[in-house]
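Just so it is clear: chains get the letters A, B, ... in the order the sequence lines come, proteins before strands, and each one is counted from 1.
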2 protein chains.
Amino acid sequence: MAMNLKSLSVLLGLSQTTISRALNGYPEVSAQTRRRVLDAVRETGYRPNRAAQRLATGKAKSIGLVMPVGLVTESDVHFGEFLEGLSSKAVAYDFHFVMNPSLPGEEETTFRRLAASGTVDALFLASVRADDGRLAMLQSLSVPFIVHGRSIGVPMDYPYLDIDNTKAFYTATRLLIQLGHTRIALINGPEHLTYAIRRKRGVVRALADVGLILPDEAVQHSVMTDDYGFQGMQRFLTLDEPPTAVLCSSTVLALGAVRALNEAKLKIGRDVSLIAHDDVLPMLKPEHFSVPLTTTRSSLRAAGARIAERLIGPLLGLCDYPRQELWETELIVRDSTGPAPL
Amino acid sequence: MAMNLKSLSVLLGLSQTTISRALNGYPEVSAQTRRRVLDAVRETGYRPNRAAQRLATGKAKSIGLVMPVGLVTESDVHFGEFLEGLSSKAVAYDFHFVMNPSLPGEEETTFRRLAASGTVDALFLASVRADDGRLAMLQSLSVPFIVHGRSIGVPMDYPYLDIDNTKAFYTATRLLIQLGHTRIALINGPEHLTYAIRRKRGVVRALADVGLILPDEAVQHSVMTDDYGFQGMQRFLTLDEPPTAVLCSSTVLALGAVRALNEAKLKIGRDVSLIAHDDVLPMLKPEHFSVPLTTTRSSLRAAGARIAERLIGPLLGLCDYPRQELWETELIVRDSTGPAPL
DNA sequence: CAAATTATTCAAAGCGCTTTGGGCGTTAGA
DNA sequence: TCTAACGCCCAAAGCGCTTTGAATAATTTG
């Protein structure tokens, strides 16, 4: 049934060695023989068995990614977008990646199993938490890996790609302050994730620069769906002194926030200013909001592509990738920000 | 470095056979020996090499999914949501799935390669087109597969899971007609995809029932992003006789459509009625639109989960799955539909 | 108590590929 | 001319696991 090396070798009257070499581009095969092999492969539809290749070479040509799955599916959209980037590169290198859906508590086990079973030659970690124990674990696994994001309070030196979240939100907040806002609120991602922690820090710092503070009631941490954006904004509006400017950790949150503002008949950019972080989700462009959103921008898809590159490149001997990258974000001013109301 | 069966057998003074059997639950191993093996496994962190297992058993314990990638990334959000469902089940059966990003023209090659190389034991196909040649190809591959959606004009008998798109949009349109609407428009998915074709048919039929037709200028086919929802609705509003009711193939499209209506100062549910198909995207709930949307509903995530089940089940000898399933959708009436304006 | 089971365990043969270590003709160097 | 150097190709040894066919030890059975 299935064509394999042996059948092919019989068919061609060549040794398996020669065929293997012809296919893998080794020089010690005559041009004529190589042609013959290639032709036969085309005709028979032969494909080397990947499991056998793995076993023989020890290389899996695949990268593992542990996908958080569970009750609360964090950041689905964002994750999907990241995947697109990752996969576009993977295909270019003929790598495939195995998704390992994993329940929250079982992630560590999953990583261990992947590494020990030789299913993948490289791993990828996302949704980094403060003091994330998975980093030390990955380090110990003797499988190359890259982290999307970086931890806090982990003194290790590990490879990562992250964006400068602190700076992004610091700059955004500074803009709001320059516009005269003093009551600023934040609708953030999940509290334990480091990007959320850093974004909050950015806001806090910018406020501190001018002697202001960020009160607890002006911060919401939650999964980034429009629901929570809505709820968060609604709650802010019931405060004694509602904020005149709000930062959102995602355009998805902003979607809900905008809805809440509309319901309250508040005009965005005049009554309340809004800045969101834009992951460049194709389905949700900030310039298409009824009032185009001012954003801090960094493409999640580009990050995925870059990580794939850095993961795969070294496996193929293409070196020279930086070990750690910190991308700057762009602050793009549109119509959702304006001077603070008097 | 890496612990393997041989080392373990030396360590325990047992044969590889016995250990293998102990681990795979065969009866011909004494309880005591099994304990010893299990303990040793725990201590050493041994994991069977998956490539070797595959080679030996011929089973890959993984399912392949060819992910469309390219210039126009179709329905990212929708796809992501589907994935979540698929993966949640996969994990339950200790299967992983390999994503194969594939450019539009290369899908067929990718399928072939996956099948011939024994990387996966089952395949999955989505984004079905009319007269989709990939079906015949899959059939010929001697690898089990399931199609999400079903083709049109392909007389074959193949396993699928689909929702009754025609009926969904037929029923929705009938509701609009009952409310007195006669000028109805449709913002649909990509023209070549069968779900879009069927949805349009549903609309056409319901209109035909009462002697009406669906003019070409009242239909838009496009990728389902909010952009296109916006553009589509805007265009409809410039028609000589603008529609009084519009159907959208996704809540994402509806997002843009709503924006266009807001800009035109038209009141949803009064000036213009809106019905959208709801894939139950957690980030975009129809009940959270400023005017809660009337929808036809069917969970994409549930579909993913079900497909994983049907893909994996038979491989494990759990049979009794229907070969073809056609899910009904629910028509849920909220506030975005109302009587046609006079 | 011998013979027949039954319960455990093992050695060895693959699974399909890559890779090491030759083995021949041919051509180049001395 | 003889030898060193290629060029090209092959046989065979794994990679780490499962599985078949036996062997050995422990129990039963007649």
Side-chain angles (χ1 to χ4, degrees), chain A residues 1-38 40-41 44-62 94 113-121 315-316, chain B residues 1-38 40-41 44-62 94 113-121:
Chain A
M1 176 76 257
M3 177 58 66
N4 59 17
L5 232 205
K6 175 146 36 170
S7 329
L8 199 61
S9 77
V10 171
L11 195 75
L12 285 171
L14 284 171
S15 75
Q16 303 188 27
T17 311
T18 304
I19 299 182
S20 172
R21 288 197 159 133
L23 289 176
N24 294 313
Y26 282 75
E28 53 271 83
V29 177
S30 73
Q32 189 209 347
T33 305
R34 174 164 285 138
R35 266 216 74 70
R36 234 160 54 84
V37 171
L38 257 28
V41 165
T44 59
Y46 165 76
R47 302 283 170 191
N49 179 302
R50 197 113 171 188
Q53 279 183 317
R54 286 186 191 182
L55 193 52
T57 59
K59 268 90 178 57
K61 292 247 284 186
S62 65
D94 185 31
R113 183 161 39 78
L114 276 181
S117 70
T119 318
V120 301
D121 340 87
L315 295 172
L316 299 178
Chain B
M1 176 75 261
M3 175 58 67
N4 59 18
L5 234 205
K6 177 148 31 174
S7 329
L8 198 62
S9 76
V10 172
L11 195 75
L12 284 171
L14 283 171
S15 75
Q16 304 188 27
T17 311
T18 304
I19 299 182
S20 173
R21 289 200 161 131
L23 289 176
N24 294 314
Y26 283 74
E28 52 269 83
V29 177
S30 72
Q32 188 209 347
T33 305
R34 174 164 284 135
R35 266 217 72 72
R36 241 168 38 91
V37 171
L38 258 28
V41 165
T44 58
Y46 165 77
R47 301 284 170 190
N49 178 302
R50 196 114 172 185
Q53 278 183 317
R54 287 187 190 183
L55 194 52
T57 60
K59 268 89 178 60
K61 292 245 284 184
S62 64
D94 184 32
R113 183 161 38 77
L114 276 181
S117 70
T119 317
V120 302
D121 328 279

Chemist: Would you indicate what B:Ser30 reaches in the nucleic acid, counting non-hydrogen atoms under 4.0 angstrom: base, sugar-phosphate, or nothing?
Modeler: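 Sugar-phosphate only.
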
Chemist: Below 4.5 Å, heavy atoms only, C-beta onward: do A:Arg54 and B:Arg50 meet side chain to side chain?
Modeler: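 Not in contact.
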
Chemist: Given side chain to side chain contact (heavy atoms under 4.5 Å, CB included), test A:Asp94 with A:Lys61 step by step and report yes or no.
Modeler: CA-CA 8 Å; A:Asp94 185 31; A:Lys61 292 247 284 186; 3.3 Å; yes

Chemist: Are the side chains of B:Ser7 and B:Leu11 in contact, using a 4.5 Å heavy-atom criterion?
Modeler: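 In short, these two side chains do not touch, never coming nearer than 4.5 Å.
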
Chemist: Please determine if a side-chain N or O atom of A:Thr17 lies less than 4.0 Å away from the OP1 or OP2 oxygen of D:dC10.
Modeler: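 Indeed not, no polar side-chain atom of A:Thr17 lies that close.
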
Chemist: Please give, in whole Å, the distance from D:dA11 P to A:Leu14 CG?
Modeler: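 Roughly 11 Å, once rounded to whole Å.
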
Chemist: Pick base, sugar-phosphate or nothing for B:Thr57, based on heavy-atom distances below 4.0 Å to the nucleic acid.
Modeler: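 Sugar-phosphate: the residue B:Thr57, judged by heavy atoms under 4.0 Å, touches backbone atoms but no base.
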
Chemist: Want to settle it: does B:Gly13 or A:Asn24 sit nearer the 5' end of DNA chain C, counting the closest nucleotide to each?
Modeler: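 Its nearest nucleotide being more 5', the pick is B:Gly13.
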
Chemist: Go through the structure and list residues passing side-chain hydrogen bond (donor to acceptor under 3.5 Å, both in side chains) with B:Ser62, not counting sequence neighbours.
Modeler: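 Here no residue qualifies.
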
Chemist: Hey, which of A:Leu8, A:Leu5, A:Val10 is the one that makes side-chain contact (heavy atoms from CB on, under 4.5 Å) with A:Gln16?
Modeler: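 The passing option is A:Leu5.
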
Chemist: Chain A on DNA chain C: first and last contacting nucleotide, 5' to 3', under 4.0 Å to a heavy atom?
Modeler: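 On DNA chain C, the outermost contacted nucleotides are C:dG16 to C:dG21.
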
Chemist: Counting the atoms with a prime plus P, OP1 and OP2 as sugar-phosphate, which does B:Arg21 contact under 4.0 Å by heavy atoms, base, sugar-phosphate, or nothing?
Modeler: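 Base, at least one base atom sits under 4.0 Å.
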
Chemist: Determine the contact category for A:Gln53: base if any of its heavy atoms lies under 4.0 Å from a base atom, sugar-phosphate if only primed atoms, P, OP1 or OP2 are that close, otherwise nothing.
Modeler: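 Sugar-phosphate, no base atom in range.
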
Chemist: Report yes if some heavy atom in the side chain of A:Asn49 is under 4.5 Å from a heavy atom in the side chain of B:Thr119; otherwise report no.
Modeler: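 The answer is no, as the side chains (C-beta and beyond) never meet within the 4.5 Å cut-off.
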
Chemist: Toward the 5' end of DNA chain C, which comes first, B:Ser15 or A:Ala56, by nearest nucleotide?
Modeler: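 Closest to the 5' end, via its nearest nucleotide, is B:Ser15.
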
Chemist: Check B:Thr33, B:Thr44, B:Val37 against B:Leu12 for a side-chain contact (heavy atoms from CB on, under 4.5 Å) and give me the one that passes.
Modeler: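 For B:Leu12, the side-chain contact (heavy atoms from CB on, under 4.5 Å) test succeeds with only one of B:Thr33, B:Thr44, B:Val37, which is B:Val37.
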
Chemist: Between D:dT19 atom C1' and B:Ile19 atom CD1, what is the distance in whole Å?
Modeler: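 To the nearest whole Å, that distance equals 15 Å.
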
Chemist: For D:dT19, does either OP1 or OP2 sit under 4.0 Å from a side-chain N or O belonging to B:Tyr26?
Modeler: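 For D:dT19, OP1 or OP2 has a side-chain N or O of B:Tyr26 closer than 4.0 Å.
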
Chemist: Between atom CD in B:Glu28 and atom P in D:dA25, what is the gap in whole Å?
Modeler: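 Atom CD in B:Glu28 sits about 19 Å away from atom P in D:dA25.
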
